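In what follows, a structure is listed as structure tokens, so that the remarks can point back to it.
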Amino acid sequence: MGDVLTSRVVGAEWLRTRLSDPGVVVIEVTNTPGAEADRGVIAGARAVYWKDLLWHRSRREFPSAPVLVERLRALGAGAGSTVVFAGEPTQFAAYAIWVAAAVGVGGDLRYLDGGLPAWRAAEAASAASSDSAAPIERAADKAGSTADAQAAESPEPLPRITPRHDEIVVGRDEVRAAIGSSVAILDLRSPQEYSGQRVSPLTEPIDHGAERAGRIPGARSLPAQDLLDEHGLLRPVPELRERVAALGIDSADRVIAYCRLSHRAALGWLVFTDLLDDHRVRVYDGSWTEWGSLVGAPIED
């Protein structure tokens with residue numbers, strides 16, 4: 001991001017200078033089923049498939065707060081940890097923070113700007129400018145997990161259970177009630193998805209994810225990619241404000257954001273909440289995967 005980093009958004013350089021701190025725990029949230037925890041890209045990071053971390057094992061719902069806390073602890077988060085989520089793609093990190101907030105998991109949870117693609121680019125640039133630079137070795141890699149040791153001594157682990165924030169999640173009934181009302185509906189999918197040419201982004205090898213193509217009636221298009229620059233980093237705040245202003249949603253009571261599976265919508269929520277100080281956004285959990293398959297749901301195309 002060009003000018004301002006909030007407490008939840010950090011850059012690759014910020015993380016690089018802190019990799020030797022055992023209190024900084026990096027969790028790579030990937031789109032790779034069966035991701036092996038010890039195969040992280042970032043030195044000392046743990047990798048996890050997003051569903052294994054953020055969904056119930058058998059039901060299409062989020063895990064409870066205690067379950068999510070235990071999963072985070074199993075990935076190295078302990079008492080006093082700063083947990084940095086690195087997404088591949090980048091919106092998966094925003095989704096992790098949104099789910100944690102929704103179910104009531106607090107602590108020092110952060111979003112790595114640009115995710116793993118940005119990290120790889122930054123490391124490549126660093127290596128090119130200094131071929132003799134030694135790789136960073138985390139203290140925890142040498143002497144075991146200090147965070148785990150701290151957690152064992154602490155009666156209150158971090159991340160910790162906090163009040164739920166159910167208000168940042170909406171379901172299909174609330175979406176249906178919002179159509180034609182003073183609530184603005186934002187579609188963060190690609191232009192091809194919004195126009196009904198596809199039901200999944202072009203990055204997916206198979207066009208799948210819903211029975212029908214189209215959009216929720218009255219939805220305004222704000223492609224998640226427009227929130228990012230050509231390097232996949234969040235745009236400077238003035239540019240983000242300009243893009244949001246062009247949507248004409250200033251007078252909306254609330255804003256409902258959706259995409260295909262709510263990952264890109266969660267990125268929109270993070271941008272509005274953290275960078276624009278706009279707390280009107282709620283994410284439609286089911287997003288187009290649900291809406292596009294509902295019997296009788298109104299659709300524009």
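Note that the numbering runs from 1 along the sequence shown for the chain. Quantities reported herein were computed from a predicted structural model and do not represent experimental measurements.
Within the structure, side chain to side chain donor-acceptor pair (under 3.5 Å) contacts touching residues 82-96 (residues at least two apart or in different chains) are Trp55-Tyr95, Thr82-Asp108, Glu88-Arg120, Thr90-Tyr111. Judged as a salt bridge (charged side-chain N to carboxylate O under 4.0 Å, His left out), the pairs with a partner in residues 54-66 (not counting sequence neighbours) are, in order, Arg59-Glu61, Arg60-Asp285.
Contact record, Val25 with Gly76: CG2-O, 3.4 Å, taken as the closest heavy-atom pair. Here the closest non-hydrogen pair linking Ala184 and Ala252 is CB-CB, 3.7 Å. Across all non-hydrogen atoms, the minimal contact from Asp113 to Ala118 is O-CB, 3.6 Å. Closest heavy-atom contact between Ala210 and Ser293: CA-OG, 3.5 Å. When all heavy atoms of Ala12 and Leu112 are compared, the pair lying nearest together is N-CD1, 3.8 Å. Considering every non-hydrogen atom in both Pro201 and Ser190, the closest pair reads CA-OG, 4.4 Å.
Side-chain contact of Ser221 with Asp187: a donor-acceptor pair under 3.5 Å is absent, judged by distance alone.
Side-chain atoms of Phe85 and Leu53, non-hydrogen and from C-beta on, do get closer than 4.5 Å to each other. Contact check for Ile168 versus Val281: no side-chain heavy atoms found under the 4.5 Å cut-off. Contact of the Arg189 side chain with the Arg198 side chain is not registered, since no non-hydrogen atoms from C-beta on lie closer than 4.5 Å. In this structure, the side chains of Leu276 and Val237 come closer than 4.5 Å at one or more pairs of heavy atoms. A heavy-atom distance below 4.5 Å is found between the side chains of Leu267 and Leu234. Looking only at side-chain heavy atoms (C-beta outward), Ser200 and Ile206 stay at 4.5 Å or farther from each other. Gln225 has its side chain within reach of Leu228: a pair of non-hydrogen atoms, C-beta onward, lies under 4.5 Å apart. For the pair Val105/Val99, no side-chain contact is recorded, criterion being any heavy-atom separation below 4.5 Å from C-beta on.
With sequence neighbours excluded, no residue forms a side chain to side chain donor-acceptor pair (under 3.5 Å) with Arg176. Contacts of Phe62 classified as ring-ring contact (aromatic ring centres under 6.0 Å, His included), with partners at least two apart in sequence or in another chain: Trp98. The side chain to side chain donor-acceptor pair (under 3.5 Å) search around Asp277 returns His279, not counting sequence neighbours. Checked against side chain to side chain donor-acceptor pair (under 3.5 Å), Arg212 has no partners two or more places apart in sequence or in another chain. In this structure, the side chain to side chain donor-acceptor pair (under 3.5 Å) partners of Glu13, at least two apart in sequence or on a different chain, are Arg16.
Arg280 contributes no side-chain N or O that, together with a main-chain N or O of Val255, makes up a donor-acceptor pair within less than 3.5 Å. With hydrogens and angles ignored, the 3.5 Å screen pairs a side-chain donor or acceptor of Thr17 with a backbone N or O of Trp14. With hydrogens and angles ignored, the 3.5 Å screen pairs no side-chain donor or acceptor of His165 with any backbone N or O of Glu167.
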**OP:** Please lay out, stage by stage, how Arg8 and Thr273 fare under the test side chain to side chain contact (heavy atoms under 4.5 Å, CB included).
**Re:** CA-CA 10 Å; Arg8 288 199 295 198; Thr273 303; 3.8 Å; yes
Original post:
Would Leu54 and Val48 count as a side chain to side chain contact (heavy atoms under 4.5 Å, CB included) if you check the C-alpha gap in whole Å, the side-chain angles of each, and the deciding distance to 0.1 Å?
Top reply: CA-CA 10 Å; Leu54 302 165; Val48 63; over 6 Å; no
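A salt bridge does not link Arg260 to Glu193: none of the charged nitrogens lies less than 4.0 Å from a carboxylate oxygen.
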Identify every side-chain donor-acceptor pair in residues 28-44 under 3.5 Å, counting partners at least two apart or on other chains, and give the distances.
{"from": "Glu28", "atom 1": "OE1", "to": "Val41", "atom 2": "N", "distance (Å)": "2.9"}
{"from": "Glu28", "atom 1": "OE2", "to": "Val41", "atom 2": "N", "distance (Å)": "2.7"}
{"from": "Glu28", "atom 1": "OE2", "to": "Ile42", "atom 2": "N", "distance (Å)": "2.7"}
{"from": "Thr30", "atom 1": "OG1", "to": "Thr32", "atom 2": "N", "distance (Å)": "3.2"}
{"from": "Asn31", "atom 1": "OD1", "to": "Trp50", "atom 2": "NE1", "distance (Å)": "3.3"}

Could you list the donor-acceptor pairs under 3.5 angstrom formed by side chains in residues 238-248, with sequence neighbours left out?
{"from": "Glu239", "atom 1": "OE1", "to": "Arg235", "atom 2": "NH1", "distance (Å)": "3.2"}
{"from": "Arg243", "atom 1": "NE", "to": "Asp226", "atom 2": "O", "distance (Å)": "3.1"}

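The distance from the OG atom of Ser287 to the CG atom of Leu188 is 9.0 Å, given to the nearest 0.5 Å.
Grouping Ile, Leu, Val, Met, Phe, Trp and Tyr by side-chain contacts under 4.5 Å, direct or through others, leaves Tyr194 on its own. Other members of the hydrophobic cluster containing Leu294, listed by chain and number, are Val170, Val175, Ile179, Val183, Ile185, Val199, Ile216, Ile256, Tyr258, Tyr284, Trp288, Trp291, Ile299; membership follows side-chain contacts under 4.5 Å among ILVMFWY residues, whether direct or relayed. Members clustered with Val295: none, using a 4.5 Å side-chain heavy-atom cutoff among hydrophobic residues.
Around atom CD of Glu211, no more than 12 heavy atoms belonging to other residues, nucleotides or ligands sit under 6.0 Å away.
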